[in-house]
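Report on the structure given below.
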Amino acid sequence: MKEMYPKKGRVILHVDMNSFYASVEMAFDPSLKGKPLAIAGNPKERRGIIVTCSYEARKYGVKTTMPIWEAKKLCPQLIVMSPNFDRYRAASHGMFDILFEYSQLVEPVSIDEGFVDITDSFELGSPLEIADRIQKQILSQLDLPCSIGIAPNRFLAKMASDMKKPLGITVLRKRDVEKVLWPLPVVEMHGVGRKTAEKLNTINVYTVKDLASANDIQLKALLGINGLRLKERANGVDDRPVDPDAANEFKSVGNSTTLPSDISNQHQLLLVLEGLAEKVAARMKRKKVLAASIGVTIRYKDRKTITRSKKLLNPISQKDDIYTVSKQLFLKNWNGDSVRLLGVTGADLVEKEQAVKQLDIFSYEKDARNEPLLETLNMLRNKFGQGIIDRAVEKAPTKDRQENIASETSFSKDFLDFFSDE
């Protein structure tokens with residue numbers, strides 16, 4: 001089968017589970033199959049938000065991020081269930097275990113999708129045969145449907161997997177880019193959101209073809225280095241390797257401060273902690289990363305120092321979230337003595353550009369009540385499935401450090417502890 005593989009290039013699969021949460025529930029309870037099903041953050045409240053829904057529900061117009069009351073209006077027989085993350089993580093582990101049977105170059109990018117480099121897996125069959133076997137094995141062993149894109153690089157594989165859902169297999173070669181991708185509106189290209197598309201429209205870039213031939217100077221002035229990267233993608237160029245360690249990089253962003261005098265007043269110490277959380281959040285925003293764990297350092301007046309950390313279910317980047325976790329750690333571990341130094345660290349960082357973030361239902365519920373945001377999210381999720389989104393509204397810094405200097409709503413990747421013993 002080696003002749004079916006390129007001599008110099010790579011063969012990469014993008015495996016994307018179809019309507020994952022709903023599909024897992026159907027696999028757990030077969031009586032739900034064929035019925036309109038939705039998973040929502042709080043199904044008991046009308047203002048709860050749809051996280052994902054079955055294809056039967058989608059036929060009625062039910063969409064991700066839609067309020068429950070609106071979904072019920074479109075589909076009165078809609079079955080709404082609360083999420084069961086333990087169940088979803090178990091299914092995800094099963095899915096990735098199967099992928100590792102075909103290659104050791106597997107990169108999870110979210111709970112329900114990942115890349116697989118099968119360049120050296122030719123003994124197992126042609127790329128199409130391997131994709132077909134993976135799809136059938138996941139369906140037979142886990143009772144879960146998936147779509148698979150086959151391409152010479154990550155970007156094209158991702159675009160290909162979105163083209164046929166559910167249970168599709170799509171091959172997208174570099175020579176197909178002009179015919180298949182270039183006619184698409186630029187907003188339908190992976191990595192281009194509505195805001196970016198609007199900016200591109202200002203320089204007469206409306207289609208993927210327009211982006212592929214856009215002026216480099218204009219693109220860099222408009223979008224920075226990311227503009228040039230997007231142009232490469234539009235031309236089918238993407239040199240990023242499939243990196244099994246990408247989900248497990250140990251990096252950190254931290255800030256600490258030595259206090260002007262030893263402090264034992266809890267209120268004052270929490271104010272210092274809040275300021276540190278704010279600085280860490282600002283640095284993380286500049287670096288475009290999220291932290292999967294938060295650590296706190298406490299040094300007492302006798303120079304005794306302790307560091308405590310907490311691994312998070314979902315990565316965070318907002319100042320309020322960082323402060324909340326830091327405060328919990330501090331209050332749990334502070335012995336009441338005077339403190340000389342405090343520090344806050346965000347670790348196990350996830351790069352936003354490389355991560356495909358999963359909706360964090362519980363933190364998203366209150367944010368999603370904002371109707372303009374809902375409208376934007378609806379469009380993005382429709383275009384990109386379990387897509388990627390960041391919204392940050394900057395405020396001018398003030399002297400009052402208790403006032404938020406920034407607010408951000410993001411999809412958080414429900415990352416798995418694939419390589420831990422927990």
### Task
Would you check if Met95 and Met17 make a side-chain contact, meaning some heavy-atom pair closer than 4.5 Å?
yes
_Tell me whether Asp320 is salt-bridged to Lys327, with the criterion being a basic N under 4.0 Å from an acidic carboxylate O._
no
Do Leu144 and Leu139 have side-chain heavy atoms sitting under 4.5 Å apart? no
Practice prompt. Give a yes or no on this: more than 12 heavy atoms of other residues, nucleotides or ligands lie within 6.0 Å of atom CD1 of Ile217.
Written response: no
CZ of Phe20 to OG of Ser110, rounded to nearest 0.5 Å, is 8.5 Å
Are side-chain heavy atoms of Ser317 and Met284 found at a separation under 4.5 Å?
yes
Interatomic distance, CG@Leu99 vs CD@Gln137, rounded to 0.5 Å, equals 9.0 Å
(Q) Tell me if a side-chain donor or acceptor on Ser121 pairs with a main-chain N or O of Leu124 at a distance below 3.5 Å. (A) no
Review point. Is a donor on one side and an acceptor on the other found under 3.5 Å between the side chain of Asn153 and the backbone of Ile12?
Key: no
- With a 4.5 Å limit on heavy-atom distance, are the side chains of Ile130 and Phe122 in contact? no
*Sidechain-backbone polar pair: Asp29 side chain, Ser31 backbone, donor-acceptor under 3.5 Å*: yes
Test: Lys158 and Glu113 ion pair at under 4.0 Å:
yes
inquiry  = Is it the case that the side chain of Gln135 and the backbone of Gly168 share a donor-acceptor pair, with hydrogens and angles ignored and the cut-off at 3.5 Å?
reply    = yes
* Asked: Do other residues, nucleotides or ligands put more than 12 heavy atoms under 6.0 Å from Lys33 NZ?
  -> yes
query = Under 4.0 Å between a Lys/Arg side-chain N and an Asp/Glu carboxylate O for Asp176 and Lys179?
reply = no
Lys72, NZ: over 12 other non-hydrogen atoms inside 6.0 angstrom:
yes
**Carboxylate-amine/guanidinium contact Lys136 Asp132, below 4.0 Å** = yes
TODO: Run the salt-bridge test on Glu274 and Lys319 with the 4.0 Å N-O cut-off and return the result as yes or no.
DONE: yes
Rounded to the nearest 0.5 angstrom, the CG-OG1 distance for Asn255 and Thr345 is 8.0 Å
dist Thr305:OG1 -> Leu341:CG (nearest 0.5 Å) comes out at 7.0 Å
Inset, instruction - Take atom CD of Glu123 as the centre, draw a 6.0 Å sphere, and report whether it contains more than 12 heavy atoms from other residues, nucleotides or ligands. - result: no
ask   = Are the side chains of Leu342 and Ile298 in touch, meaning some heavy atoms are under 4.5 Å apart?
value = yes
*asked:* Using only atom types and a distance under 3.5 Å, with no angle test, would you say the side chain of Glu107 pairs donor to acceptor with the backbone of Asp243?
replied: yes
Under 4.0 Å between a side-chain nitrogen and a carboxylate oxygen: does that hold for Asp238 and Arg229?
no
Handout entry: Non-hydrogen side-chain atoms of Ile49 and Thr64 separated by less than 4.5 Å
Key = no
Output for pair (Ile134 CD1, Cys146 SG), nearest 0.5 Å, gives 8.0 Å
Separation between CZ (Arg10) and CZ (Arg240), nearest 0.5 Å, reads 10.0 Å
*Would you please classify the geometry between the Phe330 ring and the Trp334 ring as parallel, tilted or perpendicular, with 30° and 60° separating the classes?*
parallel
query = Is any NZ, NE, NH1 or NH2 atom of the basic residue among Glu129 and Arg133 found under 4.0 Å from an Asp or Glu carboxylate oxygen of the other?
reply = no
